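Below is one structure, written out as structure tokens, with a few remarks after it.
Below, each value reflects all heavy atoms present in this structure, side chains not excepted, and no hydrogens, waters or symmetry copies. What you see is a predicted model, and the numbers here were worked out from it, not measured in a lab.
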Amino acid sequence: MRNLIKKFIRNHFDNPFRCYGQSGEDLVLDRLLNGKRMGFYIDVGAHHPTRFSNTYLFYKKGWSGINIDANPKSMELFNRRRSRDINIEVGIAKKNGLLTYYQFNEPALNTFNEEEAQLKNTQPYHLVKTVQVPVKKLGDILREYLPPHQMIDFLTIDVEGFEMQVLESNYWDSFRPMYILVEILRSSLSQINSEELVIYLSTLNYAPVCKIYDTMIFKSCS
């Protein structure tokens with residue numbers, strides 16, 4: 001009985017300001033969304049149901065969404081911890097097929113980007129192995145799994161240097177999130193406007209509204 005009481009308190013009276021995003025991205029986004037109580041998200045490079053998660057805070061509030069990660073067997077834990085979500089184990093790229101996936105002793109560093117894998121292959125991290133992983137276009141995934149007429153409040157992308165591939169694989173005329181969170185590694189505020197990713201999103205009528213360490217948040221202007 002005592003354990004049940006503790007669980008109830010955790011679930012219903014947890015610190016509303018606790019964050020799960022690596023650098024507090026979820027708290028900032030919650031502020032931008034004015035504390036919206038219910039909504040829908042897409043998480044590409046979801047990694048873990050709670051650790052470094054930009055969506056778990058929203059899941060706890062009652063939201064739901066689609067979690068996507070390429071790491072083999074990653075969705076076993078999502079299916080247990082995030083059963084209200086749609087959980088998909090696949091990589092995202094511009095073309096459907098197979099790609100080499102670089103796996104590290106720290107799974108948060110896993111990537112399809114060979115150059116990024118070489119940069120990260122240094123102590124205390126090291127490359128464990130490479131595997132061939134199926135990849136699909138984000139637009140194809142959303143066509144198959146997004147509930148009919150479902151608006152997307154935000155899309156979050158953290159795929160260690162493979163973000164452009166994810167963005168270019170979406171069908172923007174059909175699937176247009178209100179906010180996009182995307183990791184841009186090793187870039188300062190003074191450089192941000194010259195980043196390929198920022199230029200690309202500007203052509204889609206998205207404007208940057210916030211930078212949180214390596215994460216940029218963009219809002220649709222249309």
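- A continuous path of hydrophobic side-chain contacts links Ile42 to Leu197 [ILVMFWY only; heavy atoms under 4.5 Å].
- A donor-acceptor contact under 3.5 angstrom links the side chains of Gln132 and Thr100, judged on distance only.
- Residues Leu138 and Ile86 share a single hydrophobic cluster, defined by chaining ILVMFWY side chains whose heavy atoms lie under 4.5 Å apart.
- No single ILVMFWY cluster, assembled from side-chain heavy atoms under 4.5 Å apart, contains both Leu57 and Ile157.
- Taking every heavy atom of both residues into account, Tyr200 and Leu167 meet most closely at OH-O, 3.6 Å.
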request  = Would you sort out whether His126 and Val128 count as a side chain to side chain contact (heavy atoms under 4.5 Å, CB included), showing the intermediate values?
outcome  = CA-CA 6 Å; His126 63 269; Val128 175; 4.2 Å; yes
request  = Starting from the C-alpha separation in whole Å, work towards a yes-or-no answer on side chain to side chain contact (heavy atoms under 4.5 Å, CB included) for Asp140 and Asn96.
outcome  = CA-CA 9 Å; Asp140 288 343; Asn96 298 338; 3.1 Å; yes
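- No side-chain donor-acceptor contact under 3.5 Å links Glu116 and Thr111.
- Remark: Arg37 CZ is loosely packed, at most 12 non-hydrogen atoms of other residues, nucleotides or ligands lying under 6.0 Å away.
- Val133 and Ala70 make their closest contact through CG1-O, 3.8 Å (heavy atoms, listed as atom of the first residue, atom of the second, distance).
- By the 4.0 Å N-to-carboxylate-O rule, Asp30 lies too far from Lys36 to be salt-bridged with it.
- Counting heavy-atom neighbours within 6.0 Å of Tyr125 OH, excluding the residue itself, gives a total of 12 or less.
- For Glu196, the CD atom counts as loosely surrounded, since its 6.0 Å shell holds 12 or fewer non-hydrogen atoms of other residues, nucleotides or ligands.
- Scanning all heavy atoms of the two residues, the minimum distance from Tyr213 to Ser23 falls at CB-OG, 3.8 Å.
- Neither side chain, Asn54 nor Tyr41, offers a donor N or O lying under 3.5 Å from an acceptor on the other.
- Separation of atoms CZ (Phe175) and CD (Gln150) is listed at 11.5 Å; rounding is to 0.5 Å.
- In this structure, a donor-acceptor pair under 3.5 Å is present between the side chains of Asn71 and Gln103.
- A chain of hydrophobic side-chain contacts below 4.5 Å, direct or via other Ile, Leu, Val, Met, Phe, Trp or Tyr residues, connects Val209 to Phe58.
- Taking a 6.0 Å sphere around CG of Asp173, one finds it holds 12 or fewer heavy atoms contributed by other residues, nucleotides or ligands.
- The closest side-chain donor-acceptor pair between Arg82 and Thr55 falls under 3.5 angstrom.
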message = Using side chain to side chain contact (heavy atoms under 4.5 Å, CB included), reason through Asn121 and Phe104 one step at a time and then give a plain yes or no.
response = CA-CA 8 Å; Asn121 193 20; Phe104 283 81; 4.2 Å; yes
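- Ile68 is not listed as a side-chain neighbour of Asp43, based on a closest heavy-atom distance of 4.5 Å or more.
- Across all their heavy atoms, Asp85 and Gly65 have their closest contact at OD1-N, 2.9 Å.
- Hydrophobic clustering places Ile184 together with Val44 (ILVMFWY residues linked when any side-chain heavy atoms are closer than 4.5 Å, directly or through intermediates).
- Taking each heavy atom of Val198 and Ile192 in turn, the nearest pair found is CG2-O, 3.3 Å.
- To the nearest 0.5 Å, atom CG of residue Asn79 and atom CG of residue Asn87 are 5.0 Å apart.
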request  = Carefully, step by step, assess Arg176 and Ile152 under the rule side chain to side chain contact (heavy atoms under 4.5 Å, CB included).
outcome  = CA-CA 7 Å; Arg176 188 175 179 85; Ile152 304 169; over 6 Å; no
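- Using a 4.5 Å heavy-atom threshold, the side chains of Tyr179 and Leu29 count as touching.
- In the model, Ser174 has no side-chain atom that pairs as donor or acceptor with a side-chain atom of Arg143 under 3.5 Å.
- A ring-centre distance under 6.0 Å is found for Phe112 and Tyr101.
- In this structure, the side chains of Leu181 and Phe154 come closer than 4.5 Å at one or more pairs of heavy atoms.
- Side-chain polar atoms of Lys120 and Tyr102 form no donor-acceptor pair below 3.5 angstrom.
- Checked against the 6.0 Å centroid criterion, the rings of Trp172 and Tyr206 qualify as a close aromatic pair.
- Tyr20 has its ring centre less than 6.0 Å from the ring centre of Tyr56.
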inquiry  = Could you go through Glu183 and Thr215, starting from their C-alpha distance and side-chain angles, then the distance that decides it, and tell me whether this counts as side-chain hydrogen bond (donor to acceptor under 3.5 Å, both in side chains)?
reply    = CA-CA 4 Å; Glu183 187 176 63; Thr215 301; 5.5 Å; no
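- Considering NZ of Lys219 and CG of Leu32, their distance stands at 8.0 Å, rounded to 0.5 Å.
- To the nearest 0.5 Å, the span separating OH on Tyr145 from CD1 on Ile66 amounts to 9.0 Å.
- Rounding to the nearest 0.5 Å places SG of Cys210 at 9.0 Å from CD of Glu25.
- Distance check, rounded to the nearest 0.5 Å: NZ of Lys137 to CD of Gln165 gives 11.0 Å.
- In terms of modelled atom types and a separation under 3.5 Å, the side chain of Asn105 and the main chain of Pro124 share a donor-acceptor contact.
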